[in-house]
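Ligands are counted one by one from 1 in listed order, and the atoms in each one are counted from 1 as well. What you see is a predicted model; the values in this text were computed from it and never measured. Position 1 is the first residue of the sequence, and the numbers go up from there.
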Amino acid sequence: MELDLNVLTVASTRTAIEQRQVTATSLAESFYKKIDAEDKQVNAYLSLSKDRALAQAARIDALADKGEALPPLAGVPIAIKDVMVTQGLRTTAGSKILEKFIPPYDCTAVARLEAAGAVIIGKTNCDEFAMGSSNENSAYGPVRNPRDLTRVPGGSSGGSAAVVAAGTAVASLGSDTGGSIRQPAAFCGVVGLMPTYGRVSRYGLIAFASSLDHIGPFTKSVSDSALVLQHIAGRDPLDSTSADVPVPDYVAEIGTPVKGLRIGVPKEYFAEGLDSEIRSAVDASIQNLAAAGCEVVPISLPHTKYAIPTYYVIATAEASSNLARYDGVRYGHRSNNVRTLSEMYRRSRDEGFGSEVKRRIMLGTYVLSAGYYDAYYLKAQRVRTLLTQDFENAFQQVDAIITPTTPTPAFKLGEKSDDPVAMYLADIYTVTADLVGIPGISVPCGNSKEGLPIGLQILAKHFDESTMFRLAHAVEHSLAAKA
Ligand code: GLN
């Protein structure tokens with residue numbers, strides 16, 4: 001039977017393999033054919049891992065042949081953002097400086113997916129070191145939005161969002177430091193989840209800003225998102241910041257009715273600058289939740305306006321420190337024709353890093369420097385605490401918070417690439433959750449008149465992904481009922 005790769009979900013892929021409608025091997029081969037035919041114009045893949053994928057698919061098929069029970073993600077083709085290291089498989093972080101880097105070990109999230117039976121099919125394009133909101137900062141060319149090839153897919157996990165939207169992977173992993181999973185999910189019309197800080201191990205995630213970095217999945221449905229999280233979540237002794245908090249059965253809880261849940265609608269997220277079509281799509285979803293028995297509570301998160309500057313001080317400070325390791329000695333590109341050690345450091349970094357990464361390193365070094373540390377870095381940390389208190393207060397009144405994911409739908413390639421501040425503002429609704437460490441999900445809630453996807457964001461309390469999934473599932477359900 002021919003399967004339609006464009007509509008396969010994680011759950012339906014596994015069922016098709018379990019029922020022997022398709023073998024894991026032939027499915028992986030079909031995905032590679034589709035990638036060969038279609039990915040040139042989208043540019044979402046940086047490397048394909050055919051040998052590794054086909055070896056894993058053969059293991060799954062051997063189990064199926066023997067009639068043995070299949071693992072929970074058996075044969076499901078999953079793509080990985082190229083900021084997660086993969087043993088023996090090139091990992092670039094979208095940077096020239098790591099163009100030839102072959103990691104000696106696997107990121108925990110990737111290893112866990114594979115242990116659950118998933119087939120890792122390739123590595124996806126992204127903004128260099130995950131710094132960007134449009135994927136235009138990749139050293140390997142921009143990714144195009146599969147829903148409209150003249151537009152950006154969002155960033156920095158643009159490739160991971162695009163492969164799910166284009167049906168060249170069933171699911172993918174991305175990373176979110178200031179919105180890099182939720183914003184591209186909204187732009188490409190897929191589900192993007194940022195779990196609670198500490199819920200998923202960061203071991204093997206190339207560090208951008210360690211106190212803000214999260215790994216999470218892109219999927220076509222909310223229940224797929226829950227299913228993937230189930231298998232990557234949980235304590236990892238290799239990451240001391242991973243939390244020792246029990247992982248509930250997300251999938252089992254997802255259908256629990258949302259009746260009686262209190263949802264907060266923060267006025268600061270519906271202010272000036274919000275596209276009117278996004279506002280009405282999000283409003284309509286909130287009405288649907290009210291009709292399903294949720295109590296809608298107007299709330300205020302008064303420090304919201306400080307979130308972007310706070311983020312761009314803390315994220316750049318941490319980046320300047322994390323990126324000091326690319327010195328041409330241990331990793332990646334080393335300049336030729338240098339006479340002294342310091343010239344080697346300088347030229348290797350100058351040749352290897354792109355301009356946005358250099359801008360961040362300079363900004364971050366500046367805010368950490370003696371004399372400016374108190375005025376910028378320390379102040380930003382204090383504001384981070386105020387933002388956290390905003391949410392603590394809000395969560396005394398409500399179970400979850402609903403906002404738009406982005407102020408506008410996907411913009412055109414090149415539209416903001418010369419204006420870093422305009423680009424930074426694309427993250428206005430997403431950065432706060434990273435600073436506070438709470439989970440957030442973007443779920444499609446409609447299309448603009450031009451046919452561009454619109455995303456709705458749900459934020460929940462620390463480690464309460466279950467409530468978030470239930471609400472997201474209800475939003476998805478009401479949208480499907482309307483279609
Ligand atoms: N767009 C934001 C930035 O450029 C967020 C990036 C991210 O989440 N990795 O920093």
Side-chain angles (χ1 to χ4, degrees), residues 80-84 93-95 124-138 142-143 152-161 172-188 192-195 197 200 202 205-218 307-323 353-364 367 380 384 405-408 410-411 415-417 419-442 455 457:
I80 307 293
K81 183 180 183 182
D82 213 16
V83 290
M84 282 163 248
S95 181
T124 57
N125 201 346
C126 56
D127 284 300
E128 185 176 4
F129 286 100
M131 297 174 187
S133 308
S134 68
N135 223 119
E136 291 165 299
N137 297 336
S138 166
V143 176
V152 303
S156 62
S157 315
S160 288
S172 63
L173 290 185
S175 68
D176 194 313
T177 303
S180 280
I181 293 175
R182 291 158 291 152
Q183 186 253 22
F187 279 10
C188 293
L193 164 73
M194 176 184 71
Y197 185 80
V200 175
R202 288 182 296 112
L205 171 65
I206 293 179
F208 163 8
S210 310
S211 79
L212 297 161
D213 293 341
H214 307 72
I215 291 175
F218 288 91
I308 289 271
T310 304
Y311 170 80
Y312 277 98
V313 171
I314 294 174
T316 57
E318 293 186 20
S320 72
S321 160
N322 274 325
L323 271 58
F353 288 138
S355 57
E356 182 62 27
V357 172
K358 288 177 185 162
R359 180 177 7 251
R360 305 269 178 126
I361 293 172
M362 286 189 281
L363 270 169
V367 300
R384 188 176 190 175
T405 308
T406 58
T408 67
F411 43 89
E415 191 179 320
K416 296 184 200 279
S417 40
D419 185 349
V421 175
M423 193 67 93
Y424 296 172
L425 286 170
D427 304 320
I428 193 149
Y429 302 142
T430 48
V431 289
T432 316
D434 297 86
L435 288 163
V436 175
I438 53 173
I441 193 167
S442 179
Q457 175 175 242

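Note: Y424 and Y311 fail the aromatic proximity criterion, with ring centroids not under 6.0 Å apart.
Shown here are the salt bridge (Lys or Arg N to Asp or Glu O under 4.0 Å) partners of E318, two or more places apart in sequence or in another chain: there are none. D127 pairs by the salt bridge (Lys or Arg N to Asp or Glu O under 4.0 Å) definition with nothing, not counting sequence neighbours. In this structure A186 satisfies the side chain to side chain contact (heavy atoms under 4.5 Å, CB included) test together with T405, T406, S442, sequence neighbours excluded.
Proximity of a side-chain donor or acceptor of S160 to a complementary backbone N or O of S157 within less than 3.5 Å is not detected. For the pair R384 (side chain) and L435 (backbone), a donor-acceptor distance under 3.5 Å is present.
Using a 4.0 Å heavy-atom criterion, the residues that approach ligand 1 are A130, M131, G132, S133, S156, D176, T177, G178, G179, S180, F208, Y311, Y312, R360, D427.
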